[in-house]
Every structure is written in structure tokens, then in C-alpha cells.
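Report on the structure given below.
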Amino acid sequence: MTATGRTALVTGANRGLGLAVARELAARGHRVLLAARDGDAAAEAAAGLGGAVVPLALDVTDPDAVCAAVRRAGQVDILVNNAGVLLDWDAAPSTVDLSLVRRALEVNLLGAWRTAQAVVPGMAARGWGRVVNVSSGAASFAYGPAARCPGYTASKVALNALTAMLAEENKGTGVLVNAINPGLVRTRMRPDAEQTPEEAARHIADAATLPDDGPTGVFLRRDTVIDW
């Protein structure tokens with residue numbers, strides 16, 4: 001089986017990297033559920049894209065909203081957990097406001113987790129699925145972790161752990177689960193970055209459409225497996 005003509009759910013997709021991923025997947029012939037916390041923002045973003053793009057109001061921090069959105073969406077074959085926040089740049093682990101850490105965990109980890117819980121069982125039952133968790137080099141023990149944004153870093157470390165656990169659970173089901181470090185991307189979160197969202201989106205779309213013999217439970221940087 002191939003990834004042609006699948007339905008992809010991209011969270012946090014009304015701008016920046018998520019919007020670029022939605023555009024790239026649509027250009028590859030997939031039906032895209034462009035999800036954002038604000039339904040009007042999702043609709044405006046979807047209207048600017050070609051292909052089969054459907055706006056979807058989805059607040060990943062709200063369990064009821066996630067369940068309702070997935071019921072409206074129907075079958076989901078590809079999940080890109082892109083929604084994320086960076087709230088504590090230049091903070092120190094010893095003094096960071098823990099309410100910011102809690103918020104980062106709620107969005108970056110639990111938001112991805114509850115969305116995966118809503119769609120991965122269906123993927124496994126159908127025998128095909130792809131999950132891509134958008135992580136960060138800040139979360140890599142090989143290169144960090146980054147102490148300058150402790151809440152963000154901790155949430156992405158935990159997201160990597162979730163990736164490995166979901167991959168292990170779903171071995172042999174046809175569902176591949178991976179994390180990707182897109183590198184620094186020029187978005188509202190990092191306006192100083194050199195890489196454009198479109199450049200990074202191509203690699204995320206590649207990870208979201210891996211062949212059936214592709215890797216699972218790994219950390220990707222572009223098309224290369226890197227150390228956790």
C-alpha cells in the first residue's frame with residue numbers, strides 16, 4: 001500500500017511551518033485537514049491553499065474538542081503533530097516560571113498525545129498509518145538538552161519518549177511513528193532562522209508518507225536518522 005490520496009491531519013496549521021506542511025501534503029495529492037485552535041483562522045488559511053484542504057477547529061489542549069474534531073473529520077491516515085508553543089526562551093531551569101512549563105507540556109506533549117489517542121487506534125485497525133511528531137534539536141541528549149528554554153525542552157524530550165512508546169506499541173500494525181527535528185525554521189517562534197517553512201515542510205511531508213518498509217520509532221533530521 002502507498003500513501004497516495006490519504007487523509008492527513010496537521011495540527012497548528014494556520015500559519016508558519018504547519019501551514020507549509022499542509023500545503024506540501026495537498027500538493028502531493030492528499031486530502032488535508034488543516035487544524036487550528038481558532039476555526040476562523042483555519043478557514044482563512046485553508047482558503048488560500050489549492051487541493052483538497054478542509055479547515056478544522058481543533059484545540060489540542062481540550063479533550064472534548066479533540067474528540068469532536070476527529071469525529072467530524074472521519075478517517076485519518078496521517079497525523080502531523082505540529083501544534084506547539086515556546087514560552088520560556090532565555091529562562092533558566094532553576095528560576096523558570098513553572099506555569100509556563102505546565103503550558104508547554106499541555107500543548108507540546110499532552111496535545112500531541114491526546115490527538116494521537118484519537119486517531120492511532122483507527123489507523124492500526126485499518127492496517128496503515130503515519131504519525132510524525134514535530135520535535136526539536138533542543139530535546140536531543142546527543143546535542144543538548146537546551147537549558148535556555150527549559151519548559152520547551154522538557155516537553156519535546158517527553159514528546160520523543162511518546163514517539164518511541166507509540167512506535168513500539170504499534171509494531172506490525174502498519175502504523176509508523178517517528179519524531180522529526182526540522183531545524184531552525186523562520187516562523188513567528190524563530191523569525192531570525194534562515195530555513196524557510198517550505199524547505200522544512202518537504203522533509204516533514206516525506207516522513208509523513210514513508211513507504212511501508214520505512215523506519216519507525218526514530219528521530220529524523222531531514223531524511224537522516226539521528227541520535228535521541
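All values below come from the heavy atoms of this structure, side chains included, with hydrogens, waters and symmetry mates left out.
Atom-to-atom distance recorded for T11:OG1 and N81:CG is 5.0 Å, nearest 0.5 angstrom. Here OG1 of T196 is found 6.5 Å from CZ of R202. Values are rounded to the nearest 0.5 Å. Atom-to-atom distance recorded for L210:CG and R130:CZ is 6.0 Å, nearest 0.5 angstrom. For the atom pair E169 CD and L162 CG, the distance stands at 9.5 Å (nearest 0.5 Å). For the atom pair I180 CD1 and L220 CG, the distance stands at 5.5 Å (nearest 0.5 Å). Between the CG atom of L105 and the CH2 atom of W113 there is a distance of 11.0 Å, given to the nearest 0.5 Å.
Contact check for V134 versus P182: side-chain heavy atoms found under the 4.5 Å cut-off. Two residues are said to be in side-chain contact when any heavy atoms from C-beta on lie closer than 4.5 Å; D227 and F141 fail this criterion. The shortest distance between side-chain heavy atoms of M123 and L79 falls below 4.5 Å. The side-chain heavy atoms of T209 and L25, taken from C-beta on, include a pair separated by under 4.5 Å. Within the 4.5 Å cutoff, side-chain heavy atoms of L19 are placed close to those of L49. Between D212 and W128 there is a side-chain heavy-atom pair separated by less than 4.5 Å. Between D77 and R126 the shortest side-chain heavy-atom distance falls below 4.5 Å.
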For R28 and D206, what are the C-alpha separation, side-chain angles and deciding distance, and is it a salt bridge (charged side-chain N to carboxylate O under 4.0 Å, His left out)?
-> CA-CA 10 Å; R28 297 187 186 196; D206 288 344; 2.9 Å; yes
Going through the checks in order, is the side chain to side chain contact (heavy atoms under 4.5 Å, CB included) test met by L58 and V66?
-> CA-CA 6 Å; L58 194 162; V66 170; 4.0 Å; yes
Audit row: R114, E106, salt bridge (charged side-chain N to carboxylate O under 4.0 Å, His left out) steps and yes/no = CA-CA 10 Å; R114 64 172 53 93; E106 182 63 42; 2.9 Å; yes
From CA spacing to verdict: side chain to side chain contact (heavy atoms under 4.5 Å, CB included), L87, V107 = CA-CA 11 Å; L87 304 172; V107 177; over 6 Å; no
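The two residues D40 and D38 make their nearest non-hydrogen contact at N-OD1, 2.8 Å. The minimum heavy-atom distance linking A83 with G12 is given by the pair CB-N, 3.8 Å. When all heavy atoms of G217 and W228 are compared, the pair lying nearest together is O-CZ2, 3.4 Å. For the pair D59 and T61, the tightest heavy-atom approach, listed with the atom from each and the gap, is OD1-OG1, 2.7 Å. Taking each heavy atom of H30 and R6 in turn, the nearest pair found is ND1-N, 3.1 Å. Pairing each heavy atom of V85 with each of A104, the nearest pair is CG2-CA, 4.0 Å.
Side-chain atoms of K156 never come within 3.5 Å of backbone atoms of S140 as a donor-acceptor pair (strictly under, hydrogens ignored). T95 places no side-chain N or O within donor-acceptor distance of the main-chain N or O of A91, the cut-off being under 3.5 Å. N178 places a side-chain N or O within 3.5 Å of a backbone atom of V218 that can act as its donor or acceptor partner. Put simply, the side chain of R221 never gets that close to the backbone of G137: no donor and acceptor are under 3.5 Å apart.
Heavy atoms from other residues, nucleotides or ligands lying under 6.0 Å from CZ of R72 number more than 12. A 6.0 Å sphere centred on CD of Q75 holds more than 12 heavy atoms belonging to other residues, nucleotides or ligands.
No path of Ile, Leu, Val, Met, Phe, Trp and Tyr side chains, each step under 4.5 Å between heavy atoms, connects I204 with F219, placing them in separate hydrophobic clusters. L86 and V157 fall into different hydrophobic clusters, defined by Ile, Leu, Val, Met, Phe, Trp and Tyr side-chain heavy atoms under 4.5 Å apart, directly or through other members.
Shown are L56, I78, N82, V80; of these, the side chain to side chain contact (heavy atoms under 4.5 Å, CB included) with L9 is made only by L56. S135 pairs with exactly one of N181, N108, N160 by the side-chain hydrogen bond (donor to acceptor under 3.5 Å, both in side chains) rule, that one being N160.
Remark: the D97 side chain and the S99 side chain contain an N/O donor-acceptor pair separated by less than 3.5 Å.
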